[in-house]
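A quick write-up on the structure given underneath.
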There are 2 protein chains.
Amino acid sequence: MDWKNKLRNAGYRITDAREQMMDLLINTQTALSPMQIHKALAEQGSQMGLVSVYRNLAVLQENDLVCMVFAPDGSAAYTAGGIGHHHHVLCQRCLNSASFEGCEGFADLIQEIEAQTQFKVQGHLLQFYGLCSECQKNEIHV
Amino acid sequence: MDWKNKLRNAGYRITDAREQMMDLLINTQTALSPMQIHKALAEQGSQMGLVSVYRNLAVLQENDLVCMVFAPDGSAAYTAGGIGHHHHVLCQRCLNSASFEGCEGFADLIQEIEAQTQFKVQGHLLQFYGLCSECQKNEIHV
DNA sequence: ATGCTTATTGAAAAATATTATCAATAAGGA
DNA sequence: TCCTTATTGATAATATTTTTCAATAAGCAT
Ligand SMILES: [Mn+2]
Ligand SMILES: [Mn+2]
Ligand SMILES: [Zn+2]
Ligand SMILES: [Zn+2]
């Protein structure tokens with residue numbers, strides 16, 4: 001199901017603002033901050049307020065149409081997509097973002113942690129940082 | 001080496017503010033936000049300004065005396081300790097925090113990710129969320 | 001196509017969170 | 001005890017996120 005129907009089925013309306021944001025995020029490799037999203041849309045002629053960017057990011061995130069990731073500096077950035085449980089690798093230079101699945105390998109680690117800490121583990125936060133293929137090239141000449 | 005010498009060796013001074021903050025964090029199981037640290041110290045008579053809390057958290061973090069963790073809502077919180085590479089489990093109810101090592105198991109996963117995404121992985125962000133032993137008890141009666 | 005209902009928007013302000021300035025203070029070595 | 005200078009508190013400045021509210025427009029029912 002495409003994102004429009006997904007939103008519609010959840011009772012939300014398809015607005016220009018949401019289309020612009022989704023188009024932008026879908027066509028952008030790098031994760032974008034709310035401010036960057038606002039600026040990018042303004043540059044392509046949109047009048048959308050920053051407030052609507054925040055509001056719609058919340059809506060889109062609730063409906064699993066965008067993912068929030070943590071930039072290396074700890075700030076939040078957003079990227080399109082995200083069906084099912086998955087995680088992200090972020091380029092620490094350009095914020096290029098890719099996703100991957102396969103954190104089942106945690107099962108053993110979780111058991112250890114639960115035994116050691118007496119916690120009951122229920123979820124996790126996982127991201128990898130590194131260099132995307134583009135930035136690896138540039139890195140060579142440093 | 002204790003935290004005072006660690007700071008001293010790095011050229012920092014041992015101040016009341018830093019002592020108060022370290023004492024508080026060392027004696028607190030739960031991760032605390034800058035605001036919570038400020039409030040807790042104020043309640044025990046300290047005049048320290050919130051600004052100094054921020055400043056000293058930065059210093060203490062640089063010197064590996066405190067760790068920053070992400071609360072379930074994405075906000076930053078701080079907890080004492082942290083020798084060497086390690087990660088944290090956070091109680092999503094009370095922010096109780098415990099640490100663990102042992103993310104070597106990532107080696108395989110990283111290889112897969114690098115193959116799939118063409119990224120060169122250089123670091124990671126990992127935290128587990130769950131319920132601490134205390135909160136597990138209370139959870140039963142919900 | 002037209003009107004109706006109400007979710008959504010933009011503008012503005014408010015609330016939070018974080019950082020910068022600067023004179024006064026105090027840590028630590030001489 | 002004195003000196004140097006890192007550190008502090010007070011204040012202001014930025015930056016980030018949320019709230020309010022009247023105007024607008026999406027989508028459904030005529
Ligand atoms: Mn995703
Ligand atoms: Mn730690
Ligand atoms: Zn890159
Ligand atoms: Zn707990």
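Values below: all heavy atoms of this structure, side chains included; hydrogens, waters and symmetry mates excluded. Convention: sequence-line order gives letters A, B, ...; per-chain numbering from 1.
- Computed from C1' positions of five pairs at each end, the angle between the two local axes of the helix from C:dA1-D:dT30 to C:dA30-D:dT1 equals 40°, rounded to 10 degrees.
- Here the rule is side-chain hydrogen bond (donor to acceptor under 3.5 Å, both in side chains) with A:Asn56, and of A:Gln20, A:Gln61, A:Arg18 only A:Arg18 fits it.
- Per the geometry, CD belonging to B:Glu19 stands 14 Å off C1' belonging to C:dG28, to the nearest Å.
- The side chain of A:Val51 approaches D:dT19 more closely than any other nucleotide in the set C:dT8, D:dT11, D:dT19.
- Distances from the side chain of A:Tyr54 to the nucleotides D:dT19, D:dT16, D:dT8 place D:dT16 closest.
- Considering only heavy atoms from C-beta on, A:Tyr78 comes within 4.5 Å of A:Pro34 through its side chain.
- A distance-only check finds no donor-acceptor pair linking the side chain of A:His38 to the backbone of A:Gly49 [under 3.5 Å].
- In summary, the side chains of B:Glu62 and B:Tyr12 do present a donor paired with an acceptor at a separation below 3.5 Å, with no hydrogens or angles considered.
- Separating the CZ atom of A:Arg18 from the C1' atom of D:dG27 is a distance of 13 Å, rounded to the nearest angstrom.
- Looking at the side chain of A:Met48, the nearest of the listed nucleotides C:dG10, C:dA27, D:dG27 is C:dG10.
- What separates CG of B:Leu7 from P of C:dG28 is a distance of 10 Å, to the nearest Å.
- The CG-P distance, from A:Asp73 to D:dA15, rounds to 14 Å in whole Å.
- Side chains of B:His124 and B:His85: a donor on one and an acceptor on the other come within 3.5 Å.
- Atom-to-atom, CD of B:Gln47 to P of D:dT11 comes out at 14 Å; the value is rounded to the nearest Å.
- At a cut-off of 3.5 angstrom, the base of C:dG29 holds no donor-acceptor pair with the side chain of B:Arg13.
- Rounded to whole Å, atom P of C:dT16 lies 16 Å from atom NE2 of B:His38.
- Summarising the geometry, atom CG belonging to B:Asp108 is positioned 9.5 Å from atom CD1 belonging to B:Ile110; distances are rounded to the nearest 0.5 Å.
- Of all nucleotides listed (D:dT16, D:dT8, C:dT8), D:dT8 comes nearest to the side chain of B:Arg55.
- Counting only heavy atoms from C-beta outward, the side chains of A:Thr79 and A:Val69 approach each other to under 4.5 Å.
- For A:Arg8 and C:dT8, the CZ to C1' distance is 15 Å, given to the nearest whole Å.
- Regarding B:Leu50, its CG atom lies at a distance of 13 Å from the P atom of D:dT8, rounded to whole Å.
- Applying the 4.0 Å criterion to OP1 and OP2 of C:dA7, one finds that A:Thr15 has every side-chain N and O outside that range.
- With the nearest nucleotide of DNA chain C identified for both B:Met35 and B:Asp16, B:Met35 has the one nearer the 5' end.
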